[in-house]
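Working notes for the structure below.
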Protein chains: 2
Amino acid sequence: MTRQPPPDEAAWLASYDPGRFPPFAVTVDMVLLTVRHGTFSVLLVERDTHPFRGDLALPGGFVLPDEDLDAAAVRRLERETGVRRDAAHVEQLGAFGAPDRDPRMRVVSVAYLVFAPDLEAPSPGEGTRSVSWFAVDEVDGVSLAFDHGQVLAAGVERARAKLEYTPLAAAFVGPEFTVGELRRVYEAVWGHPLDPRNFHRKVTGTPDFLVPVGHPAPVGPGGGRPAALFRRGPATALRPAMLRPS
Amino acid sequence: MTRQPPPDEAAWLASYDPGRFPPFAVTVDMVLLTVRHGTFSVLLVERDTHPFRGDLALPGGFVLPDEDLDAAAVRRLERETGVRRDAAHVEQLGAFGAPDRDPRMRVVSVAYLVFAPDLEAPSPGEGTRSVSWFAVDEVDGVSLAFDHGQVLAAGVERARAKLEYTPLAAAFVGPEFTVGELRRVYEAVWGHPLDPRNFHRKVTGTPDFLVPVGHPAPVGPGGGRPAALFRRGPATALRPAMLRPS
DNA sequence: CGAATAGTGTCTCTCAGACAATATTGC
DNA sequence: GCAATATTGTCTGAGAGACACTATTCG
């Protein structure tokens with residue numbers, strides 16, 4: 001039983017030369033999220049070259065011919081932002097490949113989602129004028145280069161959902177943290193205040209989420225009882241989930 | 001998202017050489033899942049050409065130069081399996097692009113996950129010897145072409161997780177179905193028996209999950225009380241989730 | 001002491017797991 | 001009637017939201 005190729009595909013196949021293939025380029029783009037000063041923020045660059053010169057964009061770039069996708073993402077992360085791989089959570093967000101997303105040529109972008117602790121201001125890479133943090137809420141509505149608005153929206157929604165059923169909020173803080181710091185991460189990402197007492201019960205009651213470190217944290221500027229310090233435990237999921245307030 | 005380039009950019013584009021960027025081929029691969037005869041199953045093809053000739057593989061193929069990724073996936077779905085887009089659930093699973101995943105050239109594959117009702121045996125496309133359903137459990141451990149073993153595993157795990165917190169199990173059955181049919185989908189995908197009474201309470205108690213159709217279903221071969229028929233409701237999530245039995 | 005933050009305890013309601021009992025069919 | 005499936009109901013324990021109360025620090 002042989003299938004009859006449709007005209008468009010047949011035409012393409014007829015002109016297909018095994019030594020060549022359709023001119024696709026592959027890039028990685030990063031949705032690098034953090035919580036700084038209590039604000040859920042994303043790292044954006046200002047483009048210094050065409051196309052979209054002067055517009056804000058997600059950091060990213062072309063994948064090298066022999067480079068793994070994940071490796072390309074981590075390389076850009078370390079080079080352009082100074083975040084080390086093991087200090088952050090990195091996962092693939094998905095592929096974005098509308099035919100007209102880049103006016104230069106056909107480009108498929110593989111987007112990565114990164115959760116990082118608060119960082120010093122990173123330094124610009126090539127082709128970018130500046131690189132800095134923006135509050136996620138402020139960027140909402142601003143038009144970004146390429147389809148980066150869509151990519152960012154997908155990353156933000158995924159981040160919000162992941163806090164519900166994974167312990168990944170800990171990727172937004174340092175290696176040692178208090179329950180209050182963790183709660184402020186949830187509040188910033190979700191944009192909702194949470195009850196400190198119920199939150200404390202949930203996170204300390206979930207097995208393997210938090211491992212006590214033994215000594216207390218230094219007291220903050222406003223006074224108050226010193227909080228216990230924790231490290232991330234080996235838990236990989238929150239079951240049942242901690243649902244976002246409606 | 002069409003954009004008018006400024007004059008200077010247009011000039012720059014005219015002199016632009018696409019060959020400066022590393023060349024990639026882009027394919028789509030489909031993890032097409034269904035439940036047939038009570039068994040969670042995946043559609044696989046036997047390859048008839050190099051590389052991996054004779055091995056089992058996920059159906060898929062090259063993305064055309066001007067084709068959207070989703071469109072490429074849906075096109076292959078309809079052509080090679082006869083599933084119509086609106087009869088199934090289609091979502092992107094992710095990109096797979098290890099440098100050595102295809103011995104011929106550098107290929108990035110964008111995998112799609114499809115939930116479909118039970119279908120007649122589809123017909124093979126070009127480059128494939130045969131196409132048929134395999135029980136997911138039987139394929140586990142069999143070595144598939146390329147990195148399709150990994151892709152399949154990711155799709156299966158995503159499917160199992162999605163049943164927990166979405167109403168997508170309904171994509172595995174026809175437009176009208178009974179609570180028992182829906183329960184058997186869950187049982188097949190999760191590989192665990194569920195309590196019919198508790199299941200009934202959960203799905204009928206979740207607002208907008210099921211819409212009663214009014215008339216009952218015909219009685220099955222073994223007799224038994226006729227079940228009420230339902231259609232999928234507008235709900236998009238199950239909150240709280242229906243967790244898999246540990 | 002008062003303000004601020006951390007942490008414990010209590011009450012109530014929702015919901016999931018276990019399972020009894022009833023309803024409606026084919027044979 | 002009996003076997004099979006559907007559906008309703010009941011009991012119980014885990015867990016989440018609301019919130020009182022205690023603990024420990026700074027100024």
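This one's a predicted model, so the numbers in the text were calculated from it and none came from an experiment. Numbers restart at 1 for each chain; the letters A, B, ... are given by sequence-line order, proteins then strands.
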Exercise for the section: Specify the separation, in whole Å, of atom CG of B:L182 and atom P of D:dT5. Expected result: 17 Å
Handout entry: Of the listed nucleotides D:dT7, D:dA18, C:dT5, the one nearest the side chain of A:R225
Key = C:dT5
Exercise for the section: Grab the CZ-C1' distance between A:R239 and C:dA16 for me, whole Å please. Expected result: 13 Å
Exercise for the section: Start with the C-alpha gap between B:E164 and B:K202, add the side-chain angles, then the distance that decides, and say whether salt bridge (Lys or Arg N to Asp or Glu O under 4.0 Å) holds. Expected result: CA-CA 12 Å; B:E164 293 196 311; B:K202 176 67 178 178; over 6 Å; no
Exercise for the section: Find the distance A:F199:CZ to C:dT5:C1' and express it as a whole number of Å. Expected result: 15 Å
Exercise for the section: Name the orientation class of the two ring planes belonging to B:F172 and B:F115 (parallel below 30°, tilted from 30 to 60°, perpendicular beyond 60°). Expected result: parallel
Problem - Which nucleotide in C:dT10, D:dC26, C:dG7 has an atom nearest any side-chain atom of A:R201 - result: C:dT10
Practice task
Choose from C:dA18, D:dA16, D:dG9 the nucleotide whose nearest atom is closest to any side-chain atom of B:R197.
Solution key: D:dG9
Practice task
Please tell me which of the listed nucleotides, D:dC26, C:dG26, C:dT24, lies nearest to the side chain of A:V219?
Solution key: D:dC26
Problem - Minimum-distance nucleotide (side-chain atoms of A:N198 versus D:dC19, D:dT24, D:dA16) - result: D:dC19
Exercise for the section: May I ask you to decide if the ring planes of B:F146 and B:H148 are parallel, tilted or perpendicular, using 30° and 60° as cut-offs? Expected result: tilted
Problem - Integer-rounded Å distance: C:dT22 P and B:H200 NE2 - result: 18 Å
Handout entry: Side-chain N or O of B:K202 closer than 4.0 Å to phosphate OP1/OP2 of C:dC15
Key = no
